[in-house]
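Read the structure below first, then the notes.
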Protein chains: 2
Amino acid sequence: MAQVKPMRADARRNYERLLKAAAEAFAEHGENASLDDIAKRAGVGSGTLYRHFPTRQALLEATYVDRIEALGERADEIAKELSPGEALVEWLYEVCVRTTEVRGLKSLLGSAVTDGSRVELTACATHMKAAAERLVGAAQEEGTLRRDVEPIDVLRLAHGVATASELAKGGGSHVRRYLSLLTEGLRPG
Amino acid sequence: MAQVKPMRADARRNYERLLKAAAEAFAEHGENASLDDIAKRAGVGSGTLYRHFPTRQALLEATYVDRIEALGERADEIAKELSPGEALVEWLYEVCVRTTEVRGLKSLLGSAVTDGSRVELTACATHMKAAAERLVGAAQEEGTLRRDVEPIDVLRLAHGVATASELAKGGGSHVRRYLSLLTEGLRPG
DNA sequence: ACCTGAACACCGTTCAAGT
DNA sequence: ACCTGAACACCGTTCAAGT
């Protein structure tokens with residue numbers, strides 16, 4: 001079941017060109033980059049784009065799926081180096097940094113943790129939730145994370161922290177601080 | 001300086017019709033409601049909409065300025081009833097609830113706390129920042145709020161909490177919990 | 001089986017003409 | 001001084017025709 005129908009040579013070439021063009025366009029113009037422009041950059045008709053990627057979300061996911069997978073792997077690497085509580089925070093930090101750095105990734109990660117959207121079962125959502133579950137579970141067993149939060153809550157709040165950081169001029173420079181305000185709380189230590 | 005040039009009767013009528021139509025349209029279709037549709041609902045030409053409101057942000061602000069002012073007044077009412085620390089949290093709660101309830105309000109409140117946008121000097125941003133300053137200052141003097149946060153940080157983080165809550169199905173029902181996770185922190189109490 | 005690109009609908013924005 | 005609405009540019013989406 002690993003191997004689905006192999007694509008026709010021209011179809012595969014167009015698919016890859018579209019992904020490359022999409023990555024460029026999203027980087028330049030954000031998640032709302034013109035789909036028509038992406039097709040043009042790739043040198044294909046607009047219908048071809050729709051054949052391969054029926055929705056904008058599908059194109060976004062295909063464009064960034066490797067980055068999402070990398071975040072999932074980072075969760076395990078970090079878990080080996082740090083204590084569970086520190087690992088969770090460090091991973092959330094990296095998630096937030098990617099969210100603010102890579103234009104277009106934000107809406108994808110957002111819909112991955114949104115209730116009700118059909119997109120929930122996508123690879124992206126699956127990877128993120130699995131990674132969060134591992135780290136959250138370990139931190140709770142260690143006793144450094146409240147037991148009344150679910151992995152999905154943590155992912156949503158991290159998305160909120162990334163959103164808050166984006167409102168500041170130096171975007172990324174606020175991530176660490178805003179994240180620690182979330183973990184430590186707003187009350188004085 | 002209170003009284004600027006009085007508007008011509010037809011101009012004032014169109015202005016009010018546009019605001020009414022805008023409130024309806026934003027409520028129905030969110031902050032990206034079609035401007036053309038708003039002009040049509042109001043029974044005016046599209047050029048008239050642009051004359052009164054040169055940008056979508058300007059129309060959003062005019063539509064919701066009364067709600068923003070109400071939030072500013074709520075800050076003072078709450079401050080009379082609760083201790084400074086409790087008052088800040090309760091006000092932030094109301095801000096988050098409005099943000100998630102009133103479609104279109106979110107982008108307005110977001111741009112009010114965004115660095116660099118020219119919109120910073122608008123009435124909306126001024127009201128929100130003034131209210132936050134009063135509550136944050138009082139809570140810090142009381143000793144129930146960290147001294148290393150600025151009012152703008154608190155407003156941005158509240159915006160993040162509202163964003164996180166919106167990702168959950170029951171939107172509003174998560175606001176209280178997510179907000180308390182921010183104030184208390186993710187570490188066990 | 002897949003691709004192309006014209007065609008359609010929709011939207012934002014401007015501006016000449018009108019009162 | 002203000003309004004109208006046609007005109008233009010742009011974008012998303014579909015689909016008949018082509019290979």
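Quick caveat: nothing in here was measured; it's all calculated off a predicted structure. Per chain, numbering begins at 1; letters A, B, ... match sequence-line order.
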5' precedence on DNA chain C between Ala11(A) and Arg8(B) (nearest-nucleotide basis): Ala11(A)
Opening and closing nucleotides of DNA chain D in contact with chain A, under 4.0 Å to non-hydrogen atoms: dC11(D) to dC15(D)
First encountered from the 5' end of DNA chain D, between Gly43(B) and Asp36(A): Gly43(B)
Touch class at under 4.0 angstrom, heavy-atom based, for Asp37(B) against every strand present: nothing
Within 6.0 Å of CZ in Arg67(A), more than 12 heavy atoms from elsewhere: no
Check: Gln57(B)/Thr55(B) side-chain N/O donor and acceptor closer than 3.5 Å: no
Polar contact flag, side-chain donor to acceptor under 3.5 angstrom, Glu166(B)-Thr100(B): no
Glu77(B) atom CD, over 12 foreign heavy atoms within 6.0 Å: yes
Any strand: nucleotide that pairs with dC8(D) via Watson-Crick or wobble, under 3.5 Å: dG12(C)
Geometric class of the Phe26(B)/Tyr64(B) ring pair [parallel <30°, tilted 30-60°, perpendicular >60°]: tilted
Complementary nucleotide for dT19(D) - Watson-Crick or wobble, under 3.5 Å: dA1(C)
NZ or CZ of Arg156(A) within 45° of Tyr178(B) ring axis and under 6.0 Å: no
Sugar-phosphate, base or nothing in reach of Thr48(A), heavy atoms under 4.0 Å: base
